[in-house]
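A, B, ... follow the sequence lines: proteins, then strands. Residue 1 opens every chain.
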There are 2 protein chains.
Amino acid sequence: MTQKAYVQSLPPVQWSEEPAPRTPRDVLASLGVVTSFDRNSEIFAEDAAAEHIFIVLTGAVRICKLLGDGRRQIETFCLAGDVFGWETAARHRFSAEAVSECKVVRVKRAILFARASDDPELAHALWALTAAELTRTQNHLLVLGRKTAQERVATFLLDMAQRSTTGGTEVTLPMSRQDIADYLGLTIETVSRTLTHLEETAAIALPSSRRVLLKDSSALRGLNA
Amino acid sequence: MTQKAYVQSLPPVQWSEEPAPRTPRDVLASLGVVTSFDRNSEIFAEDAAAEHIFIVLTGAVRICKLLGDGRRQIETFCLAGDVFGWETAARHRFSAEAVSECKVVRVKRAILFARASDDPELAHALWALTAAELTRTQNHLLVLGRKTAQERVATFLLDMAQRSTTGGTEVTLPMSRQDIADYLGLTIETVSRTLTHLEETAAIALPSSRRVLLKDSSALRGLNA
DNA sequence: CGTCCAGTTGACAGTATTCAATAGCGGTGG
DNA sequence: CCACCGCTATTGAATACTGTCAACTGGACG
């Protein structure tokens with residue numbers, strides 16, 4: 001939990017070479033400053049005042065809730081391009097921690113609100129952001145409520161593969177087994193065993209613990225529905 | 001699943017005698033028509049075109065997702081005053097069914113969008129609605145991911161008690177055990193056993209299967225955190 | 001080369017599910 | 001009014017899946 005964050009001025013934001021597409025994310029990014037976080041450092045705490053919203057540039061972030069006795073539920077993982085910390089209320093309802101070394105853009109919430117009030121397009125974009133998060137959360141609800149361990153892991157791997165920049169059949173997981181377990185509502189041992197089992201059935205290969213090759217995507221998809 | 005819905009013209013909407021509070025819900029309600037649905041009838045199907053949004057006037061509605069093999073996850077129950085069917089996308093991502101006989105106000109989505117585009121206040125209210133739904137869903141995620149059967153049922157009972165119009169320690173559940181099970185990610189038997197156990201430990205009383213008395217709220221709250 | 005930590009594997013336990021039978025409740029009709 | 005029917009809920013017994021506890025492995029790093 002060594003929070004060693006430093007701030008630097010924002011270089012011209014350019015994630016693509018195309019002439020000014022100005023997506024909502026670009027707009028957000030142009031309003032903030034870049035901050036770096038070490039692995040496992042806390043970006044903000046549960047119940048902390050929600051003064052900023054964040055966009056991931058590199059690395060991964062986990063969004064979590066804790067129960068009194070230490071049980072943890074990871075609501076989602078945020079990868080490059082994802083927005084987090086965006087709240088209606090004045091306080092964060094969960095904490096955010098760096099899964100890996102990561103760079104994020106930090107934008108003052110007040111500035112955003114001010115702009116949104118006379119920029120309907122931005123306001124709509126912010127609403128769309130909330131709506132997208134809701135959709136994702138609702139899908140995850142089905143996973144946690146009704147899927148088996150195998151199905152959860154398969155769903156997770158397919159999701160990560162789809163989100164990965166390569167988009168292919170190879171995924172490099174930025175997070176630990178414990179993180180995956182807390183995301184899927186399982187234990188670290190069950191995640192490990194399930195991955196081993198998927199490897200034995202030739203659905204995946206595990207060249208290393210963090211690298212996953214989806215050998216038989218259709219088998220995984222069969223576990224998804 | 002006998003869908004016997006009839007439409008009637010909207011009487012002046014008045015849920016309170018106070019002089020025009022004009023909450024977002026009132027605004028919505030004033031734009032639509034009242035429709036009634038029989039118990040277990042479908043209000044809209046998963047993947048159906050999302051042409052309307054709805055506000056519950058009386059009764060209860062369940063919002064569900066289905067898995068290929070019939071497993072069901074109820075995302076939420078909507079009671080009087082709740083809004084449902086509000087989507088960004090053109091299609092519903094879940095189905096809605098009447099838990100009990102119920103009356104709802106049906107509002108054309110297109111009308112709402114049109115109004116929202118030149119009424120920033122309405123736009124903000126709609127965003128707040130989505131945000132509130134997100135908060136609720138995220139809390140439920142923690143329940144499904146990390147809580148035991150006892151804790152899930154206790155959380156559910158406290159939530160229903162808080163939402164019930166009386167607000168007291170007595171709840172009349174509009175939904176069946178199967179509905180509760182599908183909401184909490186459990187089986188009907190586990191729900192039943194857990195309720196019996198809570199009754200044995202004097203945390204609740206069950207005068208009838210649908211009526212619950214919270215005898216020892218602090219015990220229930222202890223199971224909540 | 002040894003330490004440390006993450007991950008894997010094994011044996012066992014426990015919670016929740018499954019399958020099955022029984023009980024209770026509400027409505028209908030004789 | 002009561003018997004019967006259908007449906008919902010409860011209870012029981014056995015099973016299965018996942019969790020718990022513990023030992024071990026393997027890779028990274030100094």
Study note, to complete from the structure: For nucleotides 6-12 of chain D, 5' to 3', base contacts (B), sugar-phosphate-only contacts (S) and non-contacts (-) with protein non-hydrogen atoms under 4.0 Å give ---SBBB
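- Straight-line distance from the CZ atom of A/R152 to the C1' atom of D/dC17: 11 Å, rounded to whole Å.
- Among the nucleotides D/dG19, C/dA16, C/dT17, the one closest to the side chain of B/A149 is C/dA16.
- Between A/R39 and A/E101 there is no salt bridge, since no side-chain N of the basic residue sits under 4.0 Å from a carboxylate O of the acidic one.
- Residue-level contact check: B/T148 touches the backbone only, with heavy atoms under 4.0 Å from sugar-phosphate atoms and none from bases.
- Scanning both residues, A/E75 and B/L141, for their nearest heavy atoms gives OE1-CD2, 3.3 Å.
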Pairs: protein N or O with nucleotides 26-28 of chain C N or O, under 3.5 Å:
none

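- Atom P of nucleotide C/dA16 and atom CG of B/L144 are separated by 13 Å, given to the nearest angstrom.
- Between A/L157 and A/L195, some side-chain heavy-atom pair lies under the 4.5 Å cut-off.
- Here B/E151 pairs with A/R71 in a salt bridge; the nearest charged N to carboxylate O distance falls below 4.0 Å.
- A/H92 and A/F44 have parallel rings, their planes meeting at less than 30° on a 0 to 90° scale where 60° marks the start of perpendicular.
- Computed from coordinates, the B/K147 NZ to C/dA16 P distance equals 14 Å when rounded to whole Å.
- With no hydrogens or angles considered, a side-chain donor-acceptor pair links B/R62 and B/N40 at under 3.5 Å.
- A salt bridge does not link B/R221 with B/D216: every distance from a Lys NZ or Arg NE/NH1/NH2 to an Asp or Glu carboxylate oxygen is 4.0 Å or more.
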Compile the donor-acceptor pairs under 3.5 Å between side chains in residues 45-55 of chain B and protein atoms, sequence neighbours left out, one pair per line.
from: B/E46; atom 1: OE1; to: B/L66; atom 2: N; distance (Å): 3.3

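- Put simply, CZ on B/R71 is 12 Å from P on D/dC17, counting in whole angstrom units.
- Using a 4.0 Å cut-off between charged side-chain N and carboxylate O, B/D182 and B/K65 make no salt bridge.
- Atom CG of A/L198 and atom P of C/dT9 are 13 Å apart (whole Å).
- The interatomic distance linking B/R146 (CZ) with D/dT18 (C1') rounds to 11 Å, in whole Å.
- If you take CD of A/Q150 and P of D/dG19, they are 14 Å apart, rounded to a whole angstrom.
- One can place NE2 of A/H197 at 11 Å from P of D/dT18, the figure rounded to the nearest angstrom.
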